[in-house]
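A quick note: this is a predicted structure, and the numbers were derived from the prediction, not measured.
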Amino acid sequence: MFYTTDTNQHGLKHDPFKAIVAPRPIGWIGTKGRDGSLNLSPYSFFNIVSDQPKLVMFSSSGRKHSLKNAEETGAFTASLASRHLAEQVNASSAAVEYGVSEFELSRLTAKMAVTVDAPFVAEAYTVLECRVTEIINPKGLDGEASGSFMVLGEVTGIHISETILRDGRIDMSLAKPIARMGYMDYADGGTDVFQMSRPAVARG
């Protein structure tokens, strides 16, 4: 099958776009409001942008609480969404009023970061502490601004639980990061871990 996205007439029960761009890592974003309130929300529009410097981004569809706090304070954290915390990740996605702590709703421990003024999930295996570098409102081909906002941040601190370290590496079969698939589906990134080496450069 083929369809063009200007009409989006795919003929399916649900739009398959996000199911095609999968699996998507989940950034479990922690922020603090100017009023001192703590916020936690999972974003499946999340990824690494650069290694030097270490940059990550999450994208907010609409002006959500995480975006507001990151704009105002210039800081956020990204806790690892892993299989043992999957139910809490889901619980923290509830649509609640500004100022309501998803840490409390999800029965998680909020711990303040070392290098930035933002909270993270103490129970998470890994955490990235980030300082906002820029916020971008992407445009479409028609030049019109989208309804999404990309928040980019430089990683200023990293937490890793030693319980997932083996032979000097993070063991993904222990960390078991979860990823968003299409629709309401999720994947456990620790169930089928395999290795491949890059091919050697061909010499003529």
Side-chain angles (χ1 to χ4, degrees), residues 18 23-49 54-138 145-161 175-181 184 186 189:
K18 289 188 285 187
R24 301 190 305 278
I26 298 171
W28 210 1
I29 305 301
T31 57
K32 180 180 176 182
R34 281 182 175 172
D35 60 357
S37 63
L38 304 183
N39 182 265
L40 178 69
S41 186
Y43 287 83
S44 65
F45 291 0
F46 168 81
N47 222 313
I48 285 177
V49 177
K54 291 176 169 57
L55 298 174
V56 296
M57 78 87 194
F58 73 93
S59 182
S60 174
S61 298
R63 300 196 63 85
K64 297 180 180 176
H65 302 160
S66 301
L67 171 64
K68 171 183 170 64
N69 290 345
E71 280 181 321
E72 293 182 352
T73 67
F76 65 92
T77 66
S79 298
L80 180 67
S82 55
R83 188 67 183 88
H84 78 296
L85 296 173
E87 294 302 322
Q88 290 92 327
V89 172
N90 190 46
S92 69
S93 69
V96 295
E97 294 295 321
Y98 183 79
V100 175
S101 173
E102 291 86 354
F103 286 93
E104 294 181 8
L105 286 179
S106 307
R107 298 183 179 180
L108 292 164
T109 307
K111 188 172 182 180
M112 295 307 295
V114 177
T115 63
V116 298
D117 190 20
F120 64 86
V121 177
E123 293 85 353
Y125 287 138
T126 69
V127 179
L128 304 177
E129 299 185 359
C130 308
R131 192 173 301 281
V132 175
T133 56
E134 57 184 317
I135 297 175
I136 301 170
N137 183 200
S146 70
S148 295
F149 299 84
M150 292 176 58
V151 181
L152 290 95
E154 182 166 349
V155 178
T156 55
I158 298 177
H159 302 257
I160 304 174
S161 170
K176 295 186 176 181
I178 59 173
R180 190 71 187 268
M181 308 294 278
M184 294 295 104
Y186 290 80

Taking atom CD1 of Ile48 as the centre, report whether more than 12 heavy atoms of other residues, nucleotides or ligands fall under 6.0 Å from it. no

With a sphere of 6.0 Å drawn around CD of Glu87, does it hold more than 12 non-hydrogen atoms of other residues, nucleotides or ligands? no

Is a side-chain N or O of [X] found less than 3.5 angstrom from the main chain of [Y], in a donor-acceptor match?
X	Y	result
Glu129	Thr115	yes
Arg24	Lys18	yes
Asn39	Gly99	no
Thr31	Phe76	no
Glu72	Gly33	no
Ser82	Lys176	no

Roughly how far, to the nearest 0.5 Å, is [atom2] of [Y] from [atom1] of [X]?
X	Y	atom1	atom2	value
Arg107	Leu105	CZ	CG	10.0 Å
Ile26	Asn47	CD1	CG	12.0 Å
Arg34	Thr73	CZ	OG1	8.5 Å

With a cut-off of under 6.0 Å to the ring centre and 45° to the axis, is Arg63 in cation-pi contact with Phe149? yes

Within the structure provided, determine whether [X] and [Y] are in side-chain contact (heavy-atom separation under 4.5 Å).
X	Y	value
Val116	Cys130	no
Met57	Phe46	no
Val151	Leu67	yes
Val121	Leu108	yes
Val155	Val56	yes

Determine the sole option in Ser79, Ser41, Ser92 for which the side-chain hydrogen bond (donor to acceptor under 3.5 Å, both in side chains) test with Trp28 is passed. Ser92

side-chain hydrogen bond (donor to acceptor under 3.5 Å, both in side chains) test vs Tyr43 passes for just one of Ser93, Ser59, Ser66, namely Ser66

Please test Lys32 against Asn69 for side-chain contact (heavy atoms from CB on, under 4.5 Å), starting from the C-alpha separation and ending with a verdict. CA-CA 6 Å; Lys32 180 180 176 182; Asn69 290 345; 5.8 Å; no

Anything under 30° is parallel, anything over 60° is perpendicular, the rest tilted; go ahead and classify His159 against Phe120. tilted

For [X] and [Y], which heavy atoms make the closest approach, and how far apart are they?
X	Y	answer
Ile29	Ala78	CD1-CB, 4.1 Å
His65	Val96	CE1-O, 3.1 Å
Met181	Pro23	SD-CB, 3.5 Å
Met184	Arg180	CE-NH2, 3.1 Å
Leu80	Pro177	CD1-CB, 3.9 Å

Working note: Thr77 + Val127, criterion side-chain contact (heavy atoms from CB on, under 4.5 Å); need CA distance, chi angles, decisive distance, verdict. CA-CA 7 Å; Thr77 66; Val127 179; 4.2 Å; yes

Determine whether Tyr186 and Val89 satisfy the following criterion, side-chain contact (heavy atoms from CB on, under 4.5 Å), listing intermediate values before the conclusion. CA-CA 12 Å; Tyr186 290 80; Val89 172; 5.6 Å; no

